[in-house]
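Structure, as structure tokens:
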Amino acid sequence: MMRIGILALQGAFAEHETMLHRLGAECFEIRQKRDLALPMDGLILPGGESTVMGKLLSALDCLTWLRTYIQQGLPVYGTCAGLLLLAKHVQGGAVQLGTMDITAARNAYGRQLGSFSTTAPMEGVGDVPMIFIRAPYIQATWGEAQALATVDGRIVAARQGNQLVTAFHPELTEDTRVHRLFLEMVQKAN
Ligand code: GLN
């Protein structure tokens, strides 16, 4: 059975747990450095506040470890703030893990426009309901990163090898397909 670590310092991690349980995957919460020593087939970085998460990760001495795991190929799925943690360039915020060839624009829709819902096609998934909450978007992808979905001309999902990001929150919907895509990535990686 697959074991997914979910970063649980702050933000919307419980909803990811529910989603993974629905799909039959096992998961555990990462709250401190010693949790990183547990066997882990994949990692989820949830939505929340990327600045706060980044500060906590570095205070707990987890930032460097997580970066190394991801660079070594640990499959990771970042939603919203999680996307910001993975971006190599961040407009309006600091670079944290910086493992993915994307430029992310933080709080770039403005306060109201960053929160909305819509349905749009995502490559490899089909039409998905997308909930955005003070969301970032991806201004550019380069190198190995590939855009998987756009809304109003802005990139809102991307993949680079074992790294998957969405600016929206599938864990706040009933639709399990994005998480299923991530679990397929995990399965192929192991
Ligand atoms: N605005 C948040 C940030 O900058 C992201 C919002 C979210 O994760 N829902 O980290």
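We count ligands from 1, going down the list as the structure has it; atoms in each ligand are counted the same way. Keep in mind that this is a model prediction, so the values were computed, not measured.
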**Prompt:** Parallel under 30°, tilted from 30 to 60°, perpendicular over 60°: which one fits the rings of His16 and His179?
**Reply:** tilted
**Item:** Least distance between heavy atoms, Glu144 atom then Asp101 atom
**Value:** N-OD2, 3.2 Å
**Message:** Heavy-atom distances under 4.0 Å decide this one: backbone, side chain, both or neither, for His169 against ligand 1?
**Reply:** side chain
**Asked** So which heavy atom on Leu9 is nearest to which on Met53, and how close?
**Response** CD1-O, 4.2 Å
**Fill in**
min-distance protein heavy atom vs atom 7 (C) of ligand 1 -> Cys80 SG, 2.7 Å
**Message:** To check you understand the geometry: which heavy-atom pair defines the closest contact between Val76 and Phe182, and what is its length?
**Reply:** C-CE1, 3.4 Å
**Request:** For Leu84, counting its heavy atoms only, list the atoms of ligand 1 lying under 4.0 Å from any of them.
**Result:** 3 (C), 4 (O), 10 (O)
**atom 2 (C) of ligand 1 - nearest protein heavy atom and its distance** = Gly48 O, 3.4 Å
**Message:** If I apply the N/O under 3.5 Å rule, does Ile133 come out as touching ligand 1?
**Reply:** yes
**Prompt:** Any idea which atoms of ligand 1 are less than 4.0 Å away from a heavy-atom of Gly47?
**Reply:** 8 (O)
**Request:** Look at Lys55 together with Glu49 and state whether they make a salt bridge at an N to O cut-off of under 4.0 Å.
**Result:** no
**Prompt:** So is Ser50 polar-close to ligand 1, meaning N/O to N/O under 3.5 Å?
**Reply:** yes
**Prompt:** With only distance considered, is Ala81 within less than 3.5 Å of ligand 1 through an N or O on each side?
**Reply:** yes
**Item:** Thr99 side chain reached by Arg67 side chain, heavy atoms, under 4.5 Å
**Value:** yes
**Request:** Distance to 0.1 Å, residue and atom name: give those for the protein heavy atom nearest to atom 4 (O) of ligand 1.
**Result:** Arg106 NE, 2.5 Å
**Request:** Write down the atom of Leu83, the atom of Ala167, and the distance for their closest heavy-atom approach.
**Result:** CD1-N, 3.6 Å
**Prompt:** Should one rank Thr79, Thr51, Asn107 by closest heavy-atom distance to atom 1 (N) of ligand 1, which comes out on top?
**Reply:** Asn107
